[in-house]
Amino acid sequence: MMISRKQLQLYFVMGSSNCRENPEQTLMKAIRGGITCFQFREKGKGSRRGRAKFELALQLKTICREYNIPFIVNDDVNLVLEIDADGIHIGQEDDSPLEVRRMLGRKILGISAHNTEEAREAVKNGADYLGVGPMFPTRTKKDCREVRGPEVIREIRSDGITIPITGIGGIKSSNLDQVIQAGADGVAVISTISHSRDPEMIARELITRIKPLTADD
Ligand code: 3NM
């Protein structure tokens, strides 16, 4: 399956440990506000495992299906298959992309890249889209690479890579234009939406800023 540039415009990423209230509520509000894609990333302190992780994933997938929002799982091929998610996102340290592609067939494959070389390799390995970051300092991911900013996306585009790209890391309403102007099709955010007291309003504010900056295909 492919993911369109439009579906990557506002990519909400989260797990239960990122949310102020229950994750189902947070996701519902974000969807009402206008997110275009969702990634279930159940990581970090206090995150759910085993059966509890499976059940939460299934609930969130059901919500996404109802609203036609692609449901992507972070780095868990078995979970993708068990709940028939739309795709997977993997980092450079995760399972081999070729192996993941073999197991998931035509489902969406997103790969994190931090420079042109990793981006080229990801494209060669069949990525449907790239996640590039961190764009700005973030407290959400502890083991993040150094911040090189939107310039990395500009470099990747100059190298001739045309597949959909989302920027990630420290993105909020006041800095997202830099990410899009560097060549991204959209932005991925965790805390800007999940830590907000009003996820719906924030999502609406973000998508309202993104739309006029992006192509309408
Ligand atoms: N990946 P926030 S930065 C999950 O650079 C993730 O690859 C990153 O969280 C990368 O929107 C990041 O709260 C955290 O900054 C994004």
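The first residue of the sequence shown is numbered 1, and numbering continues consecutively from there. The basis for the numbers below is simple: all heavy atoms, side chains too, and nothing from hydrogens, waters or symmetry mates. As the structure lists them, so they are numbered: ligands from 1, and atoms in each ligand from 1.
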Heavy-atom nearest neighbour of atom 16 (C) of ligand 1 within options Asn18, Val132, Ile168: Ile168
So, 4.0 Å and heavy atoms of [X]: is ligand 1 close enough to count as a contact?
| X | answer |
| --- | --- |
| Gly170 | yes |
| Thr192 | no |
| Arg41 | yes |

[atom]: nearest protein contact (heavy atom, Å):
| atom | result |
| --- | --- |
| atom 9 (O) of ligand 1 | Thr140 CB, 3.3 Å |
| atom 14 (C) of ligand 1 | Lys141 CB, 3.8 Å |
| atom 11 (O) of ligand 1 | Ile190 N, 2.9 Å |

message: Is it the case that the side chain of Arg157 and the backbone of Gly183 share a donor-acceptor pair, with hydrogens and angles ignored and the cut-off at 3.5 Å?
response: yes
Side-chain ion pair, Glu121 and Lys124, N-O less than 4.0 Å: yes
- prompt: Is Asp177 salt-bridged to Arg209, going by a charged N under 4.0 Å from an acidic O?
  reply: no
query: Distance from Lys107 atom NZ to Asp86 atom CG, nearest 0.5 Å?
result: 6.5 Å
Which atoms of ligand 1 have any heavy atom of [X] under 4.0 Å away?
| X | value |
| --- | --- |
| Gly133 | 5 (O), 10 (C) |
| Cys144 | 3 (S), 5 (O) |
| Val189 | 11 (O) |
| Thr138 | 2 (P), 9 (O), 13 (O), 15 (O) |
| Ser191 | 2 (P), 11 (O), 13 (O) |

field: Closest non-hydrogen atom pair between Thr26 and Ser194, with its separation
entry: CG2-CA, 4.2 Å
- request: Indicate yes or no: does an N/O atom of Ile171 lie under 3.5 Å from an N/O atom of ligand 1?
  value: no
field: Common cluster, Leu10/Leu213, ILVMFWY with side-chain heavy-atom separation under 4.5 Å
entry: yes
Transitive ILVMFWY side-chain link Leu58 to Leu79, under 4.5 Å: yes
query: Do the side chains of Met103 and Leu81 get nearer than 4.5 Å, heavy atoms only?
result: yes
query: Does the side chain of Ile88 come within less than 4.5 Å of Ile108's, by heavy atoms?
result: no
